[in-house]
Amino acid sequence: MKSFTVILISIIAPFGLRAEPQPQIAQNSPPIDPKNMDTSVKPGDDFFRYATGAWIKRTEIPPEYSRWGAFNELIERNNDALHTIAGKASQIQVDPKLAPETQKVGDYYASGMDEQSIEAMRTKPLEEELGRIEAIKDRQDVLTEIGHLHSIGINAFFNFGAGQDAKDSTRDIAQAVQGGLGMPDRDYYTKQDPDMKEKREKYIAHVTKMLTLLGEPAQKAADDAKRIMALETKLAEASRTRVQLRDPIKNYNKMGVRQLQDLTPEWNWSDYFNKINLLEPGDINVHQPEFFKAANDVFKSTSIDDWKAYLRWHLISATAQYLSKDFVDEEFDFNERTLRGTQQNKPRWKRVIATEDDEIGEALGKLYVGFYFPPEAKARALELVNNLKEALADRIKTLDWMDEATKKEALKKLAAMNVKIGYPDKWLDYSLLQIDRGPYVLNAMRAGKFEADRDLEKIGKPVDRTDWGMTPPTVNAYYNPNMNEIVFPAGILQPPFFYANADDAVNYGGIGAVIGHEMTHGFDDQGRQFDATGNLRDWWSKKSADEYDKRRKAIVQQYNEYEPLPGLHLNGELTQGENIADIGGVKLAYAALQKALDKHPEEQNKKIDGFTPEQRFFLSFAAIWRSKIRDEDQKLRVKTDPHSPAQFRVNGPLSDLQEFQKAFNIPDGSPMVRPADKRVNIW
């Protein structure tokens, strides 16, 4: 880190880009703020409300958001920091050879903020792309155009790219995956309840409006929208559900090009591969073969004119946010107001920063960590990770339901689990990516092409284990089963998740639970199917697997019972992986805290604000999940999000933990104490 920081500052400083103090969480707010608690609620009745109820009562969701919580507060502070960096970079002249990140970050931001030019140009920058679609004459041209759109990062009809071979994690191979929809999920096309029917009508109206903005006569746009809906509905009907997509074994169907060609005799894959410049596709994992069989029929039966309309729609849908205000407003009206209940769009600078982080996030992130992520933060996070690893190892060794042979493999996997903290060791080289102060949408499309090319170049090559799946400023974390790695970007290693000067109870309840969560993903219902090197391999004895399955099913049942809105139940099958990780994560973090307290006996009975370390641990855990959400966004997330709503990410795991019951002296029979015969802890 030190050498990187010195190099970064020596490059940037001569050009006038200086760090400023990062906006902080309410300056004098304690890590656990009693003003956020609602003590009229008993901890044993609803701990989420007890710990965060006063905050919930006084907090209004900002009109530009569909939900608001601790994550959003930190995202806003990070956005302010990124805004400062990008704004200053756009105001100075640099030599791209000496300060390539500063140049690209500054020019991208400047092009996105040039509202006058964006309004004046409207769709003119897309004329070449629209001309390509209009020139389509036959089905070979259709496939060629699909390949072209894929090559610039627009996934029409199906998805295609690189990914690790699930049974040989040392190599990347081609991956063909279901796709081609304009709405969030297949259920939006197939479910017959009144809400979904209404969403479909609004989607048709949205597509119609977008096509009229593109210049189509109103009647033609309306007819085209209905045909687009019909095409996408056929693709949706052939698509697997989100629960089915969670099965890594069913999604592993490796085949050669000839087998793939047999699935889709109506189009020639060699033409597609030539268009995306994939000269040697090698083996291909076709995640959902039945989807491609159905897509073959759709490809054959859809008229050329309907294909043109569909491809125009997906081009304009993918680029609307970079175009003039009429397109931006219509895209927001459906995707945010209708689907999520968001009341107004974010200011332009926030939207530009978000897309810049999406498109050239490592360039922006390189500047961000140089200013806002000190070496000591990385060292402290690594210490917490190692302590959590030790806690999980202890837990595995003492499990009464797992046999010794399976324990040995589990411990081997845990020991091999790689940890990435803060930022990549090897930064992405953007030297071949042209970013200038011309049309905003062209910068975005060139960035899309750069990323698509980079992805396709991985096919057939050894896996680069230095790659990151999130940018450094991201307020999130992840576990990758193919890599057997846990990753914590710099963006999340800040309050309210991590406090440099807080007591251990606060940090173990916050970032410690996050670390434990990601670590447990290595052993959730999906992650447990991958071994220490990231290969899809059954390393479980039948007895241990059966015991695991009993516990997994109990968690599914527990979360099926939760009802975030009247009549709307959670899907325990869809959310089981995250629920397993939530329960395991907080349990492991608590065990790690106990180890830390054992090393400092003077802290064991020390109260802060009247709370013991154990109580502060659980209050800190609840604090990171404080949030409010609009009903429409809640409906969407219950259908599509593998994570449970915030209140159940707190109350669900804690109701299973005897440690929680003891910490707050909660009597048996309380709502926050599940009966002993229903209480489940896998890890």
Side-chain angles (χ1 to χ4, degrees), residues 1-20 78-79 81-118 121 125 128 151-153 277 319 322 348-349 351-373 422-457 464 466-468 470-474 490:
M1 178 65 184
K2 288 183 179 179
S3 62
F4 162 71
T5 303
V6 172
I7 292 170
L8 180 61
I9 298 302
S10 69
I11 291 174
I12 294 174
F15 299 102
L17 191 59
R18 295 289 194 274
E20 292 184 353
N78 282 347
N79 281 345
L82 297 175
H83 187 202
T84 298
I85 291 170
K88 288 193 172 185
S90 71
Q91 295 167 8
I92 58 178
Q93 296 294 319
V94 298
D95 184 339
K97 294 180 180 179
L98 294 177
E101 289 85 14
T102 303
Q103 177 266 314
K104 285 180 168 59
V105 166
D107 284 358
Y108 192 104
Y109 183 77
S111 74
M113 294 302 294
D114 186 1
E115 196 166 1
Q116 184 175 352
S117 295
I118 292 169
M121 287 186 289
E128 182 179 344
S151 76
I152 58 175
N277 199 30
T319 57
Y322 310 105
R348 174 171 285 276
W349 74 262
R351 289 182 273 128
V352 173
I353 287 295
T355 56
E356 188 158 11
D357 188 38
D358 284 342
E359 303 289 358
I360 55 170
E362 283 200 22
L364 185 60
K366 189 174 183 181
L367 305 184
Y368 170 83
V369 299
F371 290 142
Y372 297 118
F373 189 65
Y423 53 86
D425 293 327
K426 182 179 74 176
W427 291 95
L428 187 57
D429 179 6
Y430 288 102
S431 58
L432 297 179
L433 171 60
Q434 177 190 342
I435 298 292
D436 57 32
R437 301 203 174 202
Y440 182 36
V441 67
L442 294 188
N443 274 334
M445 290 172 70
R446 285 193 294 263
K449 178 170 174 51
F450 173 83
E451 184 57 35
D453 288 346
R454 189 174 81 91
D455 185 59
L456 290 171
E457 285 171 3
D464 182 355
T466 67
D467 264 1
W468 276 54
M470 288 179 179
T471 66
T474 303

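Bear in mind that the values here come from a model prediction, so they are computed numbers and not experimental data.
Partners of Arg351 according to the salt bridge (Lys or Arg N to Asp or Glu O under 4.0 Å) rule, which considers only residues two or more places apart in sequence or in another chain, do not exist here. Taking Thr474 as the reference, Thr471 meet the side-chain hydrogen bond (donor to acceptor under 3.5 Å, both in side chains) condition, with sequence neighbours excluded. Residues meeting the side-chain contact (heavy atoms from CB on, under 4.5 Å) test with Asn277, sequence neighbours left out: Leu279.
For Asp425, the CG atom sits in a loose shell: 12 or fewer heavy atoms of surrounding residues, nucleotides or ligands are nearer than 6.0 Å.
The two residues Gly112 and Ile118 make their nearest non-hydrogen contact at O-CD1, 3.7 Å. Ser90 approaches Tyr109 most closely through the heavy-atom pair OG-CD2, 3.8 Å. Taking both residues in full, the closest heavy atoms of Leu428 and Glu362 are given as N-OE1, 2.8 Å, listed atom of the first, atom of the second, then distance. Across every non-hydrogen atom of Glu356 and Lys104, the tightest pair is OE2-O, 4.1 Å. Here the closest heavy-atom approach between residue Gly361 and residue Tyr430 is recorded as N-OH, 3.6 Å. Nearest heavy-atom pair, Pro472 versus Val369, reported as atom, atom and distance to 0.1 Å: CB-CG1, 3.6 Å.
A distance of 10.0 Å separates CD in Gln434 from CG in Asp107, rounded to the nearest 0.5 Å. Leu432 CG to Arg446 CZ: the interatomic distance, rounded to the nearest 0.5 Å, is 13.5 Å. The CD1 atom of Ile353 sits 9.0 Å away from atom CE of Met113, with the distance rounded to the nearest 0.5 Å. Taking OG1 from Thr102 and NZ from Lys366, the interatomic distance works out to 9.5 Å, rounded to the nearest 0.5 Å. For the atom pair CG (Asp95) and CD (Gln103), the distance works out to 9.5 Å, reported to the nearest 0.5 Å. Here the CG atom belonging to Leu82 is positioned 8.5 Å from the CH2 atom belonging to Trp349, to the nearest 0.5 angstrom.
Looking at Glu359, its side chain never comes within 3.5 Å of a backbone N or O of Glu451 through a donor-acceptor pair. Side-chain atoms of Asn443 come within 3.5 Å of backbone N or O of Asp436 as a donor-acceptor pair. Between the Tyr423 side chain and the Gly370 main chain, no donor and acceptor come within less than 3.5 Å of each other.
The shortest side-chain heavy-atom distance between Ser111 and Ser117 does not fall under the 4.5 Å cut-off.
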Residue pair Met445, Thr319: steps toward the side chain to side chain contact (heavy atoms under 4.5 Å, CB included) verdict: CA-CA 8 Å; Met445 290 172 70; Thr319 57; 4.3 Å; yes
Before giving the answer on side chain to side chain contact (heavy atoms under 4.5 Å, CB included), spell out for Leu364 and Tyr108 the whole-Å C-alpha distance, their side-chain angles and the decisive distance to 0.1 Å. CA-CA 10 Å; Leu364 185 60; Tyr108 192 104; over 6 Å; no
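There is no side-chain donor-acceptor pair under 3.5 Å between Asn78 and Tyr372.
Using a cutoff of 4.0 Å between basic side-chain nitrogens and carboxylate oxygens, Arg454 and Asp464 are not scored as salt-bridged.
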